[in-house]
Amino acid sequence: MPVQHSKASLLAFYTDALRNGRSTGENLRAPASARFLALMAALPVGLPRHALDLGYGAGAYTLALAEAGFTVVAVDQAPAEPLLQRLSWREDLAERVTVVESLIEQYPVQEEFGVLVAKDVLHYLSRADAEALLGQAVQASRSVNVHYLEIFTAISRTDAHGAQIHIEGEARYTPDSLTRALKRIYEGWDVAISWDSHTEQDARSKRTYFEATRATVIAVRKCPAAAGIDALTGREAS
Ligand SMILES: C[S@@+](CC[C@H](N)C(=O)[O-])C[C@H]1O[C@@H](n2cnc3c(N)ncnc32)[C@H](O)[C@@H]1O
């Protein structure tokens, strides 16, 4: 029988890690990845310069988006003050960022965002909530939009005694079920998914406590002006 961890314990874990700058296996303080920065550098000109960062954590992707000139709505359930403090050292960026303390599944996506980022967070939601959230963003889309998602599937989390850990209500996607969900959500968009194996180890004992197959998803709302992004999704220009 897997050990169940509550959503409250998840919030407590991230609140503590972010407030106290604790190092976690996920490396929350890491800057935005080279892959994401390459995507940012190749965005089409007509894309709305307004972005949504879901589950921003320490804010690396929010800061990268603001540095690229986007206004950003950054949403996380964890207290806002660590990111607000980070932003207080960067007044030029602070004026472009709105920090929202909320469950992302309760954040109503009612406006269009040129870029949506959801990195290492959607696996914590139920499938229904994750799909409804992305579906709202698709519905709000009017012009060229790019969604950048990193989603864990086939997760195996173990405690020190080797017992499996499940988190209350989490999606538990497999690569197949996630692929099917993305096809439904992004009907008519250009979607590229790449897969890699991801592991996290305890810094002291070196015990591997987290293993998963990670999907990196770049979904582009098709539009003639989006031609420049095809090199990133790996698709032929249509
Ligand atoms: C692994 S961190 C990822 C942080 C950031 N996206 C990054 O990659 O650097 C996961 C973040 O998601 C947040 N989170 C988890 N479940 C959430 C939910 N249902 N609503 C809002 N935030 C959530 C956590 O508080 C944490 O900050």
Side-chain angles (χ1 to χ4, degrees), residues 4-37 39-40 51-67 70 72-87 97-109 113 115-134 136-137 147-153 155 157 165-173 196 198-201 203 209-218:
Q4 294 288 333
H5 282 202
S6 66
K7 283 185 184 294
S9 69
L10 186 74
L11 171 60
F13 171 80
Y14 282 116
T15 299
D16 173 61
L18 293 165
R19 272 208 176 121
N20 300 307
R22 283 196 214 295
S23 169
T24 68
E26 301 151 311
N27 198 3
L28 286 172
R29 307 291 296 185
S33 67
R35 179 176 197 154
F36 179 74
L37 295 178
L39 175 67
M40 296 292 294
L52 179 61
D53 185 6
L54 295 168
Y56 62 78
Y61 289 75
T62 292
L63 294 176
L65 286 158
E67 268 164 4
F70 281 78
V72 188
V73 178
V75 187
D76 202 293
Q77 64 174 345
E81 92 241 10
L83 178 56
L84 291 173
Q85 190 172 16
R86 239 180 138 178
L87 286 166
V97 179
T98 304
V99 183
V100 179
E101 199 174 305
S102 167
L103 289 169
I104 59 172
E105 58 271 42
Q106 290 177 2
Y107 179 76
V109 186
F113 292 95
V115 174
L116 178 150
V117 175
K119 181 177 167 286
D120 298 353
V121 66
L122 291 174
H123 63 287
Y124 287 129
L125 272 56
S126 70
R127 292 186 187 187
D129 282 345
E131 291 163 33
L133 181 61
L134 296 176
Q136 280 179 45
H147 289 191
Y148 179 86
L149 320 173
E150 292 193 23
I151 307 175
F152 292 118
T153 69
I155 293 171
R157 261 187 224 98
I165 298 172
H166 287 184
I167 294 173
E168 181 190 353
E170 66 182 337
R172 305 204 66 74
Y173 280 116
D196 70 298
H198 177 86
T199 58
E200 290 170 18
Q201 270 109 23
Y209 62 85
F210 184 92
E211 291 176 89
T213 302
R214 177 171 49 194
T216 300
V217 181
I218 297 174

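All figures in this text were calculated on a predicted structure; none of them were measured in a lab. Ligands are counted one by one from 1 in listed order, and the atoms in each one are counted from 1 as well.
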A.B. asks: Below 4.5 Å, heavy atoms only, C-beta onward: do Val99 and Leu87 meet side chain to side chain?
C.D. replies: yes
A.B. asks: Taking NZ, NE, NH1 and NH2 as the nitrogens, is one of them in Arg35 or Glu150 under 4.0 Å from a carboxylate oxygen of the other?
C.D. replies: no
A.B. asks: Parallel, tilted or perpendicular for Phe210 and His198, by the 30°/60° rule?
C.D. replies: perpendicular
A.B. asks: What I'd like to find out is whether the side chain of Phe36 reaches to under 4.5 Å of the side chain of Leu65, using heavy atoms alone.
C.D. replies: yes
A.B. asks: Are the side chains of Leu149 and Leu116 in touch, meaning some heavy atoms are under 4.5 Å apart?
C.D. replies: yes
A.B. asks: Less than 3.5 Å apart, N/O on ligand 1 and N/O on the protein: could you list those pairs with the distances?
C.D. replies:
{"residue": "ligand 1", "atom": "6 (N)", "partner": "Gly55", "partner atom": "O", "Å": "2.7"}
{"residue": "ligand 1", "atom": "6 (N)", "partner": "Lys119", "partner atom": "O", "Å": "2.9"}
{"residue": "ligand 1", "atom": "8 (O)", "partner": "Lys119", "partner atom": "NZ", "Å": "2.8"}
{"residue": "ligand 1", "atom": "19 (N)", "partner": "Glu105", "partner atom": "OE1", "Å": "2.9"}
{"residue": "ligand 1", "atom": "20 (N)", "partner": "Ile104", "partner atom": "N", "Å": "2.9"}
{"residue": "ligand 1", "atom": "22 (N)", "partner": "Gln77", "partner atom": "N", "Å": "3.1"}
{"residue": "ligand 1", "atom": "25 (O)", "partner": "Asp76", "partner atom": "OD1", "Å": "2.7"}
{"residue": "ligand 1", "atom": "27 (O)", "partner": "Asp76", "partner atom": "OD1", "Å": "3.3"}
{"residue": "ligand 1", "atom": "27 (O)", "partner": "Asp76", "partner atom": "OD2", "Å": "2.7"}

A.B. asks: For Pro31, which residues count as a side chain to side chain contact (heavy atoms under 4.5 Å, CB included) partner, sequence neighbours excluded?
C.D. replies: none
